[in-house]
Amino acid sequence: MPAVTVENPLTLPRVAASADAVPRPVIGVTTAPSGFEGEGFPVRRAFAGINYRHLDPFIMMDQMGEVDYQPGEPKGTPWHPHRGFETVTYIIDGIFDHQDSQGGGGTITNGDTQWMTAGSGLLHIEAPPESLVMSGGLFHGIQLWVNLPAKDKMMAPRYQDIRGGQVQLLTSHDGGALLRVIAGELDGHQGPGITHTPISLVHATLAPGAEVTLPWREDFNGLAYVLAGRGSVGADRRPVHKGQTAVFGAGSSVTVRADEEQDANTPDLEVVLLGGEPIREPMAHYGPFVMNTRAELEQAFEDFQKGRLGTVPAVHGMSEGGL
């Protein structure tokens, strides 16, 4: 881990917060509980226990794996509906196939991101390809849910397939951190993901002992989730480790530092940095639907039950009633 890297980060553009940037304090650190999703693949619920006012516009995030499957073990999700938000699936290691009821889909693998705007709704499936099921192998990634404002909730669904080679690669002033900008902007450098709600999504790798202080939009919230390793966040070096989320307060820069000593199987600190412009609208969330009111949720369930979100392609030998 991870798939997208470079031999010499010093060949990349360097970013750093200005000297007059206001450091964001760390207002809380939570530990993600472990669970299972879909047909039984392991996940960590990154945002469990965090008040939504600190997350908005993000709804939830799962760290999928990291797991090294034996032959026959890889699992995915069965057909399921979505409406009212966007799913962002970033595969760090491994491979996943996805398909929807409108004929869309594809394969994402090492370093790729599949950005699905569910909008008015569709049915969706994610599963490892048969070759991975047969051979087993490493699987690791995240899935992030991003809310849509009321004006966009019923827009037509769309996909963005972002290949690992398309992400914007940056580094810190001394080359100790590799920053992959998947979406949004960091110090004037734009990631490839096109978002309805302004956000930033960055995967950072910090070498042992490295520290990076990044400019961060003051109108965004700020979150840091540790995928692997140990380190600290904020100017006061609040300790964090794998499976923990740090919530930043107000300010214009965020700081992350890797411990000098890392575990033998985790050479670096791996962190997902997230920020977004809060939507600040009422949210009604139940299962795979994220709307503004209970009445809209009830309508979403009715539309799903009556087949208005699409039907499972017959080639799979399934019917909507089998979901």
Exercise. Taking only residues two or more places apart in sequence or in another chain, which ones pass side-chain contact (heavy atoms from CB on, under 4.5 Å) with S131?
Worked result: P129
Problem set entry | Residues in side-chain contact (heavy atoms from CB on, under 4.5 Å) contact with N265, at least two apart in sequence or another chain |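 Result, side-chain contact (heavy atoms from CB on, under 4.5 Å) vs N265: D263.
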For [X], which fellow cluster members are found when Ile, Leu, Val, Met, Phe, Trp and Tyr are connected by side-chain heavy-atom distances below 4.5 angstrom, either directly or through intermediates?
X: I95; value: L132
X: F36; value: none
X: L148; value: none

Of all pairs that satisfy salt bridge (Lys or Arg N to Asp or Glu O under 4.0 Å), the ones with a partner from [range], not counting sequence neighbours:
range: residues 75-89; result: R83-D303
range: residues 168-178; result: none
range: residues 136-163; result: D112-R163
range: residues 113-127; result: none

Problem set entry | Sequence neighbours excluded, every pair satisfying side-chain hydrogen bond (donor to acceptor under 3.5 Å, both in side chains) that has a member inside residues 277-291 |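 side-chain hydrogen bond (donor to acceptor under 3.5 Å, both in side chains) check on residues 277-291 returns E281-N292.
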Problem set entry | Contacts of type salt bridge (charged side-chain N to carboxylate O under 4.0 Å, His left out), residue E260, not counting sequence neighbours | R257
Donor-acceptor pairs are to be reported for all side-chain atoms of residues 243-252 against protein atoms at under 3.5 Å, with residues two or more places apart or in another chain.
residue, atom, partner, partner atom, Å
Q244, OE1, H241, N, 3.1
Q244, NE2, T31, OG1, 3.0
Q244, NE2, H241, NE2, 3.4
T245, OG1, A46, O, 2.7
S252, OG, V22, N, 2.7

